[in-house]
Number of protein chains: 2
Amino acid sequence: MHGYELRKRLNLMLGWRSLLSYGSLYPALKKMLRAGWIEEHTVLSGATSRRPRIVYEPTDAGRAEFVRLMSEAGPSAWEDDNFDIRFAFFSSTDMEIRLRVLEGRRMRLQERLERVQGQLSLTQKEMDRYAAELQRHGVEQVEREVHWLSELIQAERAGTTAPQQPPGAKA
Amino acid sequence: MHGYELRKRLNLMLGWRSLLSYGSLYPALKKMLRAGWIEEHTVLSGATSRRPRIVYEPTDAGRAEFVRLMSEAGPSAWEDDNFDIRFAFFSSTDMEIRLRVLEGRRMRLQERLERVQGQLSLTQKEMDRYAAELQRHGVEQVEREVHWLSELIQAERAGTTAPQQPPGAKA
DNA sequence: TTCGTCATGTAATGGGTTACATGATTAC
DNA sequence: GTAATCATGTAACCCATTACATGACGAA
């Protein structure tokens with residue numbers, strides 16, 4: 001697909017907080033081109049006078065690189081931003097990897113909870129009302145994500161033999 | 001307070017996703033010093049041979065600048081990162097400003113929801129299972145934050161005369 | 001004795017956003 | 001007619017993290 005279209009799609013899928021900008025999109029495509037991961041084809045669109053689109057397609061090397069990236073289940077994969085991207089492409093990954101990413105993410109979040117809750121009792125007295133409320137809400141949000149992850153992990157495990165619908169997806 | 005201590009405090013209050021690094025903390029302090037917003041005092045700590053702490057204190061100009069910053073209730077104040085910081089210092093702000101910030105934030109989140117939900121029906125069929133699940137969870141999280149904000153707004157409004165405990169704070 | 005914490009700082013590096021530049025087309 | 005969308009790109013700028021540098025103290 002071409003850059004403009006790609007941007008729209010990515011913004012739709014992952015554009016909660018920030019939108020992908022042209023200043024990072026196009027240079028990134030050029031980099032992938034130089035690395036040999038994608039090929040470009042210029043395609044004239046309907047009306048002749050219109051600016052031709054540059055359609056990109058993954059090469060074999062690119063596909064291999066994608067698989068390699070998706071099979072990385074290390075710490076970087078359970079960091080906030082990376083996790084979302086990894087999750088969005090879960091369909092292209094083995095269940096083993098999916099489980100490791102989900103569990104890693106959950107671990108990371110639980111670490112955060114412990115860090116805060118360990119010091120919560122200490123600080124709460126001297127802490128500002130609003131600051132405390134912010135923390136309470138933060139804890140709640142993280143706890144909810146942990147719960148969400150747990151359900152997904154369960155669903156993955158249940159589907160050891162047959163692929164499974166994640167909870168919340170329409171039947 | 002001195003830099004090291006400040007870092008710990010801020011990480012405790014706002015360090016959900018990222019920890020404040022020395023590389024941004026100390027240069028920032030120097031900048032505020034040059035701007036005349038803070039003063040530094042070198043303080044020898046208990047053991048004589050220990051590295052002296054550099055304790056910072058706001059000047060009158062600094063305090064004024066703080067008040068000015070806190071009374072900015074424009075769009076930048078309801079962006080993700082800024083909002084948290086603004087909220088954490090709500091105690092130092094008038095209720096008017098607090099309300100405007102809370103309502104602005106809620107509006108921003110509702111815009112996001114509309115953007116996604118408007119196109120949700122269109123895309124859901126051609127969308128990947130996991131991508132859809134990610135979106136569903138994202139929507140849920142945002143809806144929850146909207147609800148949280150609504151309660152806070154109500155609490156602020158109820159406390160027009162007397163200052164009020166935010167819901168969730170201990171009585 | 002070695003590791004973690006206290007405590008302050010600098011330089012390089014990397015990354016992304018913003019703004020600019022261009023120009024045709026479609027919808028109001 | 002004018003604004004928004006399609007469509008691709010570049011350059012300047014900002015800003016934050018990472019890694020490095022230094023050194024004393026307390027605990028295991």
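Here is how names work: the chains are called A, B, and so on, in the same order as the sequence lines, proteins then strands, and each is numbered from 1.
- Residues B/F87 and A/E133 have side chains in contact (heavy-atom distance under 4.5 Å, counting atoms from C-beta outward).
- Closest to the side chain of A/R51, from the set D/dG9, C/dT22, C/dT8, is C/dT22.
- For the atom pair A/T59 OG1 and A/M32 CE, the distance stands at 9.0 Å (nearest 0.5 Å).
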### Query
Does the side chain to side chain donor-acceptor pair (under 3.5 Å) test come out yes or no for A/S91 and B/R129, once each step is laid out?
CA-CA 8 Å; A/S91 299; B/R129 272 218 224 80; 5.4 Å; no

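- Listed nucleotides: D/dC25, D/dT8, C/dT8. Nearest to the side chain of B/Y4: C/dT8.
- Residue B/R53 contributes atom CZ, which lies 14 Å from atom P of C/dG9 at whole-angstrom precision.
- Among the atoms of the strands shown, none is found under 4.0 Å from any heavy atom of B/K31.
- In this structure, B/Y26 and B/Y22 have parallel ring planes: the angle between them is below the 30° cut-off, well short of the 60° mark.
- Checking A/W148, A/F83, A/W16 one by one against B/H137, the ring pair (Phe, Tyr, Trp, His ring centres under 6.0 Å) holds for a single residue, A/W148.
- Minimum atom distance to the side chain of B/H2 is reached by C/dT8, of the listed D/dC6, D/dG9, C/dT8.
- Interatomic distance, CG of B/L20 versus CG of B/N11, reported as 6.0 Å (0.5 Å rounding).
- Taking atom CE of B/M1 as the reference point, atom P of C/dA7 lies 13 Å away to the nearest angstrom.
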Short heteroatom pairs, N/O only, protein and nucleotides 17-20 of chain C, under 3.5 Å:
residue, atom, partner, partner atom, Å
C/dT17, OP2, A/S21, OG, 2.8
C/dT17, OP2, A/S24, OG, 3.2

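- The nearest whole Å value for the distance from the CD atom in B/E40 to the P atom in C/dT8 is 10 Å.
- In this structure, the CG atom of B/N11 is 10 Å from the P atom of D/dT17, given to the nearest Å.
- Between B/K30 atom NZ and C/dA11 atom P there is a gap of 13 Å when expressed in whole angstrom units.
- Between A/I54 atom CD1 and D/dA7 atom C1' the separation is 9 Å, expressed in whole Å.
- The distance from atom CD of A/E79 to atom C1' of C/dG15 is 17 Å, rounded to the nearest whole Å.
- Note on A/K8: a side-chain N or O is less than 4.0 Å away from OP1 or OP2 of D/dC6.
- Atom-to-atom, OH of B/Y26 to P of D/dA19 comes out at 19 Å; the value is rounded to the nearest Å.
- At a threshold of 4.5 Å between non-hydrogen side-chain atoms, the residues B/R34 and B/L29 do not count as touching.
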